[in-house]
Amino acid sequence: MAMGELRKIVLESCAILTKGMLRRPKPEDSEADLLRAQEEFLNSGAQSAVHVIRRPDKRRGEENAGHEESGTKTCHKDVVTMPDGDFSDEIPPLTPAGPKKSRFKASSVHFEHEGSEEHMDRNDMHVTAVLSRIIERDSSSVPVSLPAFTTAAFPKVFHRSEVEDGGQGPTPGGRRSIFAQNLAAQRARGGGMPSPQSIHSYPRPEEQGSNISSVVTMETEQPLPGHEGRTVPESSRLVSGEGLGQRGNTTEALKIHQENQARLEGMSQREILEERQRLLAQLDPRLVDFVRSSNTKGSPAPLNRPLDVQGTLQVDQSTAGSTVTEIDFRESEPAPLQMEMQEDEVEPRPPITEKDLPVKPQKEWLHMDKLEPEKLEWLRDLPPPRKRGTERAMQARFDFTGLLIPPTEDLPTHLGLHHHGEEPELAGYSLQELFHLSRSQVIQQRNLALTTLARIVTKARLGDFTSCLKGSVVSALLDAGLLFLLRFSLDDSVEGVMAAAVHALHALLVSPGDEDTLDSTFSWFLGMESFPLIPAAQEEDDEDDEGLDEVMKETPKEKEERKADHDVAREDVIKGLLRMNLLPRLRYILEVVHPLPHVVLDVLEVLIRIARHSSSSATQVLDCPRLMQTVMLEFLPCSWTPPTSPTSESLHGLPVAMAMKLLRVLATSGRQACARLLHSLGARERLSCLLALQPKDLPLEPGEALRISTEALRLWAVAAGYGQACDLYRDLYPLIVKALQCVPRVWAPADPLRPLELHRLLGLLTLLTNVTHTAGCHQELQSACDNSKECPPPPPVEWSHVTGLQPSILGWLKGCVRVLEEPAQRESVLILLPPQLLYLGAFYSQLSSQSCFRPVECLQELEALTMEVLLPLLSNQATHSGIDCLRSFSVLCNPQSCLDPESIPSLPQWGCSGGRSLAGSSSPLPFLMALCHLLHTVTSIHRGIARKFSPLLLSDPLLAYLRACCQARPTLSHASTWLLRHEHHFLYQLLKLAHSLVPIDSEVAKHASLFHEVSMAMVSWLLPGSEHLAHDLLATMVFNLDFIPEGHTGGPEAADLSELQLQDCSPPAHHLGPLLRDACVQLPSLRGCYLSHLAHLEPLVLRSQNAHLGRTPCVTSRLLPEASGPMLPSDWPFLPLVSLYERTGGAGGGDDVESLPPGSVESVTHCLQWLLVLESWREGALRAVPPAAKLVRLSCLFLCSSDLFLDRLVQRLGWGLLRALTRPAQLGALDLEGPLPGVASFHDLYEALLAQFEAVSFGDPLFGCVLLLPLQRRFSATMKLAVFGEHVGLLRSLGVSLRQLPVPLERYTSPPEDSLPLLRLYFRSLVTGSLRQAWCPVLYAVALVHLNAFIFSQEPSLQELDAARRSLLRKTYYLKDEVLKTHLLLFKQPRQESELGFEMYDHLPLIRARRLEAVVGVEGGSGGEKD
């Protein structure tokens, strides 16, 4: 026994040490000692402490799986084994695999009732059970050769040095080893056996040429007509005759080949192509690919091959499935590339020779004297990349900087971009190869792959690949599992790989352009507010909850928790990362790893992006253990050692501006988050420390000192926006005053720190604006607290604390206005003017509500402000230039300007592109918005000077901009919502200024209708968070008669005159003039009606009002609600009618007017009056509502009650709206086939209308006209079939006359009906008397028109239609109702003005008589009398 085995046995047996009896074996024991110790242990009878159990591997089918454990107590094992595992070198896939199952589990089950024979049949694993039918191949034609005879006992052993190759190269079928080559040469020389090429009498597929046309059938190679120059083989390459027997096999195959060749010669090229397409469609694609691949192996294609180049390329270029979605190149000129590619393919490379080797083989080298060309191919230079001429997808390849490498570019190898991949001649790495490289065991390769992926993602997010790649690079990466790859890489123990993963995650999540633009718009009006970056909600199927009670259904939170990580990440990247515990890992990197400065900045920016996602994400950042404490301690210390060099190797222990920005973004998520930062985390002490000194006095680099001072002021401004940290204002008041006094009046244009200093001043002005708003609320909150009302506590700053700032800022503003004309100072001044104007607007808006307000002095100050500041600004060239270019910067007028080049649904961004963007540095919006805000504030206090501002509203460019806004159809996305919100603020300020000027200025009043149209459009545009603006516009402008000049300048009379040009279809009481006049008188009631229906928005209106009016102590969050769509629907004018329909239970309501909720009739009447006003004078206000949607909502009038539509006033208003809905333009746009908002199916709604009409209509003409609208000829026949089929009884009460029909009769009669079932229903209803001219004249005329056109049609048709024509004509001739028979036979043409609705012939025309004679066989004149 070996020493090692003996030691192993003794170690296993003596694993337990009993008390004082046995000793443990020692390393120095000899073999005799070990044997003695083993014998002592066995004699003692003690049990071992360790039982070695060998678990059976179920995957390998080992038996005794269930009895192994029980038998281990009696079976002594002397060998410890481990289950065989799969220790592959490959990294497992990123997606988690499912539980492994045994392949033999099903076969090991044995039932008790199952017999042995059945068990054997079911579990038989013999080869005959698999190959149930074996057909032996016919080998009669294969020659049999005996081996060569030799005198030796065994065949002679040959060596490579003794046997020559004989010049034989590799076989056409593939590579052959040297042994096989020498053996073949020996046999050929000895004559013992035939060569392998002569064994089979038919050619192998891989030995065939590749010049077989894929256009010709797969059996022969007959050339197409016009391509006779191609070589035609003498025999078929696919039909060999094998299996036909020894005799006649070759003859039969040749016969088949000749028949195919003769058939092809008799076919044209078009017929051959059609037959090829038919065969390709019928055959299995895998069989086609196999034949093509077998045809293309072997010798290269000839140069003159003209056919199916693209088809061959598609096969050659097909690549295996990869984990990363392939990106397609867009090649604009594929034709020349096809020719070049053909030339590349037909030039095979010569085999390598000894001259091509970099090192010459020596004779003394063992087994190296024989040259093997196929094994030395890798030593040669790479072939040049093939120029591909195809539109098929090709993998995109990138270099290490993230740039896209064209597939035809030949790059040198020293760049390191060539590798051993599927296409080694192509430079660069595909996404799949980068993923594979990122899982390498080599640290440098992992680092390189992650860095390259980060650069690719950065360029893709900027839109660099939009023009050259098809599809989204980032979406492809996310689908392939990039998020999981980065998360796994963050857990790497190597700091370099960890840093690369952080950089890639930063490139994926953070958009630097977005953050820079948000920082620049922070000082705009409500610029600190932003929308959350939450992906659009996707509708989920609730199949699991169907049929359950509301209590049993899962909540959205429970459904979210039940989802897998990859499902969450696919819908929302940020949520997916939070589910993967990203925050604790980032905390570990900052706290323990102490990475380099750029990694720290990347981590902080990633945290900022997570905080911008939603308030819940910001809360998770705050709640992460030790994360914010680490940020405050390491990157926002109260004291620090000044850095010795500008480029410090570590940011730990130094103040970092990005960390202060993180606090600011977290503070915008809510009031409570801001309070936690200020008090629990020590942000207030950091503000005091950093703002107590001027930036130049901070022991930091000048640029970093300015940046962190600016971020500190912005954080303080956010806190002041909640009414917090205002006690700090009293402590730092002297420093604030000193900062205002030290503001330079002239800026050096070449100063590199000028942008940073300007941003710091903007932050200071925003802070002072919010502090002023907070101080203005002190008196109101104090009085509320004294009266024991529930309200926030009054802030520590009072109005007297801020009054001293106004003179300094006003003087600063006047100085800026004076230097505005200087070109060198204009840019800086235009940046500083908006926050200055906003501060003055806040000051005067709060001043009027203070107890110390002195009206006379205030009016004098406003007049002086107007003369010295406002009027010079209005007349300045900068203002005129801004108004002129406003339309080109507008998001409303240019919705394409904010398209995201790389939009990802699961990872939204704002897509700020700069340039002509509304948020760009050259945008005129911030200055014009702040100016209009101050003008509105001044005119609301001093109405006497409002006329001086009328030139602004009368500016032609501004009026053109407003007209363009009325025609705009804005599209909502994350890239446009926050810009649209700022533009809405500007339009609101303009409208409020117009509201002050229209009653007092006749010139401005001329454009009142334009302002009203803009206000109507804005109500439908306003986004969540702007509820106060919508409420104010509805209360002050929308229902204001001053902005509807048609109501008091002859509008109703003009409506009456316009009706005189049309046919009088209704009694005089239905004229529009009186209805419009009454609606104008009732405008205040209309306003109250709509505001009452919007009362459910009151909490949102109050929240929005607090933010817009500067009631900072009442503001709960600076993070706006999710912008899922406009605040109000586009069809809000129908709101009272739709609301009543929903309250009464929907379709088929049978309640009368008395049983309706109180005030329902008045609400419906006011709704119809307002709709009539809009349809008559503001048709553009309802442009967003399609005519079909209007018809659907008007149908609610008949479904919500049994007799509401019979009310006299409702009838008159309904006729007016129906007349507006049936204008030619509206009728042409009426589409009932497409999807309609708010209705699942128009057919279902129409069925409900039909049932309601049968039940309660009493033949009402208005209701009947609504039913007749969908029965026009151009609409689907489904609704006509419903009327003449299931609801044929309503034809007796559908008594709408031809004069009452608001639609031309031609829309029902032209073109002729082609639905045979409907025509038969027409005929049946006429014959049975269900449809009569006295009961339903409109549909009676329609049925006659279509039936007459059908039975006398001479157009060729199918046999079924012709038989139906003959049958109907024969039945018509034999009708007993002579009147109906005469109408059907003598009908001439429809005519809506006549009493019958159509004209008739005096006698049967000759062509009809011949037709009647041919069908019936009688003279047609007998029925020719006119009724």
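For the numbers below, each heavy atom of this structure counts, side chains included, while hydrogens, waters and symmetry mates do not. The first residue of the sequence shown is numbered 1, and numbering continues consecutively from there.
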Indicate yes or no for a side-chain donor-acceptor contact from Asp1131 to the backbone of Val1185 under 3.5 Å, with no hydrogens or angles considered.
no

Trp1021 vs Met1018, test: side chain to side chain contact (heavy atoms under 4.5 Å, CB included). Steps then yes/no.
CA-CA 5 Å; Trp1021 293 341; Met1018 272 198 64; 4.2 Å; yes

Determine whether a donor-acceptor pair (N or O, by modelled atom type, separation under 3.5 Å) exists between the side chain of Ser1195 and the backbone of Leu1191.
yes

Sequence neighbours left out, what pairs pass ring-ring contact (aromatic ring centres under 6.0 Å, His included) with at least one residue falling in residues 1275-1307?
Phe1284-Tyr1322

Beyond-backbone contact of Ser1163 with Cys1089, side-chain heavy atoms, under 4.5 angstrom:
yes

Hey, are the side chains of Leu1128 and Ser1020 touching, using non-hydrogen atoms and a 4.5 Å cut-off?
no

Mind checking ring pair (Phe, Tyr, Trp, His ring centres under 6.0 Å) for Phe1352 and listing every partner two or more places apart, or none if nothing turns up?
none

CG on Leu1075 to CD on Gln1169, rounded to 0.5 Å:
8.0 Å

Is it true that a side-chain atom of Gln1389 and a backbone atom of Phe1398 form a donor plus acceptor pair closer than 3.5 Å?
no

Keeping Arg1365 on the side-chain end and Phe1350 on the backbone end, is there a donor-acceptor pair under 3.5 Å?
yes

Taken to the nearest 0.5 Å, the spacing of Lys1381 NZ from Leu1326 CG works out to 15.5 Å

Rounded to the nearest 0.5 Å, how far does CG of Asp1402 lie from CG of Leu1386?
8.5 Å

So, do Pro1405 and Lys1388 sit near enough that their side-chain heavy atoms are less than 4.5 Å apart?
no

Answer yes or no: is there a donor N or O on one side and an acceptor on the other, between the side chain of Asp1203 and the main chain of Leu1206, under 3.5 Å?
no

Just so I know, are the side chains of Arg1193 and Val1138 near enough to count as touching, which here means a heavy-atom distance under 4.5 Å?
yes

Of all heavy-atom pairs between Lys1371 and Phe1323, which one has the smallest distance, and what is that distance?
CB-CZ, 3.7 Å

List the steps, then state whether side chain to side chain contact (heavy atoms under 4.5 Å, CB included) holds for Leu1305 with Val1345.
CA-CA 11 Å; Leu1305 188 61; Val1345 171; over 6 Å; no

Between CD of Glu1142 and CG of Leu1135, what distance do you get to the nearest 0.5 Å?
8.5 Å

Judged by atom type as modelled, is there a donor-acceptor pair below 3.5 Å linking the side chain of Lys1280 to the main-chain atoms of Gln1272?
yes

Assess the residue pair Glu1313 and Arg1273 against the criterion (salt bridge (Lys or Arg N to Asp or Glu O under 4.0 Å)); give the C-alpha distance rounded to whole Å, side-chain angles, the decisive distance to 0.1 Å, and a yes or no.
CA-CA 8 Å; Glu1313 183 62 59; Arg1273 174 62 184 89; 3.7 Å; yes

Check whether any side-chain heavy atom of Leu1218 lies under 4.5 Å from a side-chain heavy atom of Leu1269, and answer yes or no.
yes

Could you check whether atom CZ of Arg1410 has more than 12 heavy atoms from other residues, nucleotides or ligands sitting under 6.0 Å from it?
no

State, to 0.1 Å, how close Ala1229 and Pro1187 come at their nearest heavy-atom pair, and which atoms those are.
CB-CG, 3.8 Å

Side-chain contact test, heavy atoms from C-beta onward, threshold under 4.5 Å: evaluate it for Leu1268 versus Leu1339 and give yes or no.
yes

Is a side-chain donor or acceptor of Ser1394 paired with a backbone partner of Arg1391 at a separation under 3.5 angstrom?
yes

I'd like to know if the side chain of Tyr1090 pairs up with that of His1166 as donor and acceptor (distance under 3.5 Å, no hydrogens or angles considered).
no

Please determine whether salt bridge (Lys or Arg N to Asp or Glu O under 4.0 Å) holds for the pair Glu1013 and Arg963, giving the CA-CA distance in whole Å, both sets of side-chain angles, and the decisive distance to 0.1 Å.
CA-CA 9 Å; Glu1013 192 171 352; Arg963 295 188 186 96; over 6 Å; no

Mark yes or no: Arg1212 above the aromatic ring of Trp1215, with NZ or CZ under 6.0 Å from the six-membered ring centre and no more than 45 degrees from the axis.
no

Between Gln1226 (side chain) and Arg1223 (backbone), is there a donor-acceptor pair under 3.5 Å?
no

Does a side-chain heavy-atom distance below 4.5 Å link Glu1175 with Leu1217?
yes

Is a side-chain N or O of Arg1219 found less than 3.5 angstrom from the main chain of Gly1216, in a donor-acceptor match?
no

Does atom CD1 of Ile1407 have more than 12 heavy-atom neighbours, drawn from other residues, nucleotides or ligands, at distances under 6.0 Å?
no

Just do the salt bridge (Lys or Arg N to Asp or Glu O under 4.0 Å) check on Arg1274 and Glu1233 with the steps written out, would you?
CA-CA 10 Å; Arg1274 63 189 182 95; Glu1233 305 299 330; over 6 Å; no

Look at the rings of Trp1132 and Trp1170 and say which category their plane angle falls in: under 30° parallel, 30 to 60° tilted, over 60° perpendicular.
tilted

Rounded distance [0.5 Å steps], SG in Cys966 versus OH in Tyr961:
10.5 Å

Looking at Glu274 and Arg270, is there a salt bridge between them, counting it only when a charged N and a carboxylate O are closer than 4.0 Å?
yes

To check you understand the geometry: which heavy-atom pair defines the closest contact between Arg1143 and Ser1160, and what is its length?
NH2-OG, 4.3 Å

CD (Glu1355) with more than 12 external heavy atoms under 6.0 Å:
no

Between Cys1080 and Trp1177, which heavy-atom pair has the shortest distance, and what is it?
SG-CZ3, 3.6 Å

For residues Arg1408 and Asn1348, determine if any side-chain heavy atom of one lies less than 4.5 Å from a side-chain heavy atom of the other.
yes

Just how far is it from atom CG of Asp1207 to atom OG1 of Thr1165, taken to the nearest 0.5 Å?
6.0 Å

Step through the shown structure and confirm whether more than 12 heavy atoms of other residues, nucleotides or ligands are within 6.0 Å of CD on Glu1360.
no

Within the side chain of His1012, is there an N or O that forms a donor-acceptor pair under 3.5 Å with the backbone of Val1038?
yes

Where does the angle between the aromatic ring planes of Tyr1340 and His1383 fall among parallel (under 30°), tilted (30 to 60°) and perpendicular (over 60°)?
perpendicular

Exercise answer: donor-acceptor pairs, residues 1291-1298 side-chain atoms, under 3.5 Å, sequence neighbours excluded:
from: Ser1293; atom 1: OG; to: Leu1290; atom 2: O; distance (Å): 3.2
from: Ser1297; atom 1: OG; to: Gln1300; atom 2: N; distance (Å): 3.2
from: Ser1297; atom 1: OG; to: Gln1300; atom 2: OE1; distance (Å): 3.4

